[in-house]
Every structure is written in C-alpha cells, then in structure tokens.
Amino acid sequence: MKTLFAHRGMSSLAPENTLAAFSLTPEYGLNWVECDVDVLADGTVVLSHDETLDRCTDRPGSLYDLTVDDLDDIDAGSWFGDAFIGERIPTFAEFIELANKLKLNINVEIKSCTGGWAQTESLIDGVIEGLKKLDKDRDILISSFNVLALAEFKRRCPDTSVACLFGKETLEADWLAVLQACQADAIHVENKGLTKEMVLEMKDHGYAVNVYTVNHLARANQLFNWGVDGVFTDVGHTFPSRYRNV
Ligand code: G3P
Ligand code: CA
C-alpha cells in the first residue's frame, strides 16, 4: 500500500498545521498526517512550520517569544478563510489527543530550532513527552532536516522509526552515511530533481522513500512506479480511491 501523507494536514482545504486541517483527513480517506513542531519560550511544543507568526496568523512576531497562555489570543485561521476564524495554533498535546480520537498515524517533523541546542533539546523533550500519550496502535515516524536532533531523538527513543529529511540542495553523496549514523528507517526527499536512479539506489539500501511535496497525480504515479513508498501532498482529496482508505 502506498502512503499519502496529508502534508501539514489537509492544507489546501484548511489552514496548515491546525486541528481543523488534521480533522479533515478521515473524511478524505487519509490516515497518515505530517506536522511540523517547534517550541515556545516556556517549553510548550506547538505545531508550526515557521518560527515566526507572520505567514499563518493574524500578527507578526517570533514563536520563541511566546508562552502557552499567548496562544488563545492568536488567530491561525482567519488568513485562510472565514470558516476558520478563531482557529488556534495547536499544542502538540492537543494534536496527539486528536490523533488518538481520529486514529491518525503521525509523521512529526522536528523543526530546526534557530535558538540553539538547549532549545532543540527542549523541543525533543517535549516531543518525547507528548508521544507518551499517543495510543499504542498508532504508527509514528519522526523526521528532521537537523540530523543531530534526529540522532539525539533516536538515541533516546530507539524503538521509534525516524527519517532523515533532505532538500534538493542538501542531498549530498554522503546521504547513506547520514542515514546510517541516525539509524534511520526512511529517507524523506524533495520531489524537485528526484530521478528514478536516485530512488532505486535508496531502495537498494533498504530504506523507505517518501517524497515531498507532490501535488500532481501524474508525478505521484511516476514516483510510485519507481518504488517510492509515500508522498506528502497538500491535495490528498484529489487522489483517486486506490491511494486512499475509502
Ligand atoms: O516533511 C516533508 C516536508 O514537510 C518538509 O518540508 O518545508 O514542508 O516542512 P517543509
Ligand atoms: Ca514539514
């Protein structure tokens, strides 16, 4: 079975990385979601792709200046559509609760904190703590572009699957050594520039290969025919039923 990851939730139908975006996935037959996590000043882990509020909320500013009490006053939905006015930036704990309720499998991307290693450790601590509340029958995949953070997570949670993330520009010839050092189970690679030969080599080494972000059906089909295991998409609702659990 090929996997469709609802990238940041159903992010073309609802504001990305909000509970509204994740709540829509069962309706469209998707049972895997991808989310981005970062950490507030008080150690609260929240869902956000960016470290600033500027793109996806009603105000500018840094996530790193906030505490959990600030979240109630920040609107993360009105930029997307009137139906989402009042949508909040979710905490990781709220996300886990929703994943349990909707029986979602989760890919949690640990963002690369720009605040330093202590902050990164606080993020890892928060993710590990949050995952303890996830029902045991859910599947988990932790990923990061920050291989040091990923290796540290794996050191602390050796039984949890992890994936190294690479962009087109960061996928170097040493990718295999990086995956091995992280004890990774999967490689998450950018769609742009990815070739059949690259996919076959990754598969030859025994890794699951998941590709981001794939919003065109023909490209998804091509990738799956090359042996790719999953794609991250913003438009899961447009994929035919053969890819979905409906
Ligand atoms: O995890 C796949 C993909 O989400 C990585 O890129 O920038 O969308 O977080 P980005
Ligand atoms: Ca992501």
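When a ligand or atom number is given, it counts from 1 through the structure's own listing order. Quick note: numbers below take in every heavy atom, side chains included, and nothing from hydrogens, waters or symmetry partners. Since the model is a prediction, treat every value here as computed from it, not as a measurement.
The distance from ligand 1 to the heavy atoms of His7 drops below 4.0 Å at these ligand atoms: 3 (C), 4 (O), 8 (O). Near Leu165, with a cut-off below 4.0 Å to any heavy atom, the atoms of ligand 1 are 1 (O), 2 (C), 5 (C). Near Arg8, meaning under 4.0 Å from any of its heavy atoms, are these atoms of ligand 1: 7 (O), 8 (O), 10 (P). Contact atoms of ligand 1 toward Lys111: 9 (O) (distance under 4.0 Å to a heavy atom of the residue).
In the model, Asp42 has a side-chain atom that pairs as donor or acceptor with a side-chain atom of Thr44 under 3.5 Å. Side chains of Asp229 and Tyr207: a donor-acceptor N/O pair is absent below 3.5 angstrom, by distance only. Side-chain contact check for Thr233 and Asn215: at least one donor-acceptor pair (N or O, by modelled atom type) lies under 3.5 Å. Judged purely by distance below 3.5 Å, without hydrogens or angles, the side chains of Arg219 and Asn191 pair a donor atom with an acceptor atom. No side-chain N or O of Asn210 forms a donor-acceptor pair with one of Thr3 less than 3.5 Å apart. Glu109 and Ser144 form no side-chain donor-acceptor contact under 3.5 Å, judged by distance and modelled atom types alone.
Between Asn107 and ligand 1, no N or O atom pair is found at a separation short of 3.5 Å. Checking only distances, Ser143 never comes within under 3.5 Å of ligand 1, N or O to N or O.
Contacts between Glu16 and ligand 1, counted as non-hydrogen atom pairs separated by less than 4.0 Å, are absent for every part of the residue. The side chain of Asp36, and not its backbone, has at least one atom closer than 4.0 Å to an atom of ligand 1 (non-hydrogen atoms only; side chain from C-beta on).
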Inset, instruction - Please assess Gln222 against Trp226 for the test side-chain hydrogen bond (donor to acceptor under 3.5 Å, both in side chains), listing each intermediate value before the final yes or no. - result: CA-CA 6 Å; Gln222 183 182 46; Trp226 290 351; 5.5 Å; no

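In this pair, Phe92 and Phe95 present their aromatic rings parallel. The plane angle is below 30°, not in the 30 to 60° band.
As for Glu109, its N/O/S atom nearest the Ca ion (ligand 2) is the one called OE1.
Between Asp36 atom OD1 and Glu34 atom OE2, the angle centred on the Ca ion (ligand 2) amounts to 110° (nearest 10°).
Remark: aromatic rings of His205 and Trp175 are close, center separation under 6.0 Å.
Here the protein heavy atom with the shortest distance to atom 1 (O) of ligand 1 is Glu34 OE2, 3.0 Å. For atom 9 (O) of ligand 1, the closest heavy atom belonging to the protein is Glu109 OE1, 2.9 Å. For atom 10 (P) of ligand 1, the nearest protein heavy atom (residue, atom name, distance) is His49 NE2, 3.3 Å. In terms of protein heavy atoms, atom 6 (O) of ligand 1 is closest to Tyr212 CE1, 3.7 Å.
In this structure a side-chain-to-backbone donor-acceptor pair under 3.5 Å is missing from Ser11 to Arg8.
Taking 4.0 Å as the cut-off, Glu190 does not count as a neighbour of ligand 1 on heavy-atom distance. Heavy atoms of His188 come nearer than 4.0 angstrom to ligand 1 in no pair at all.
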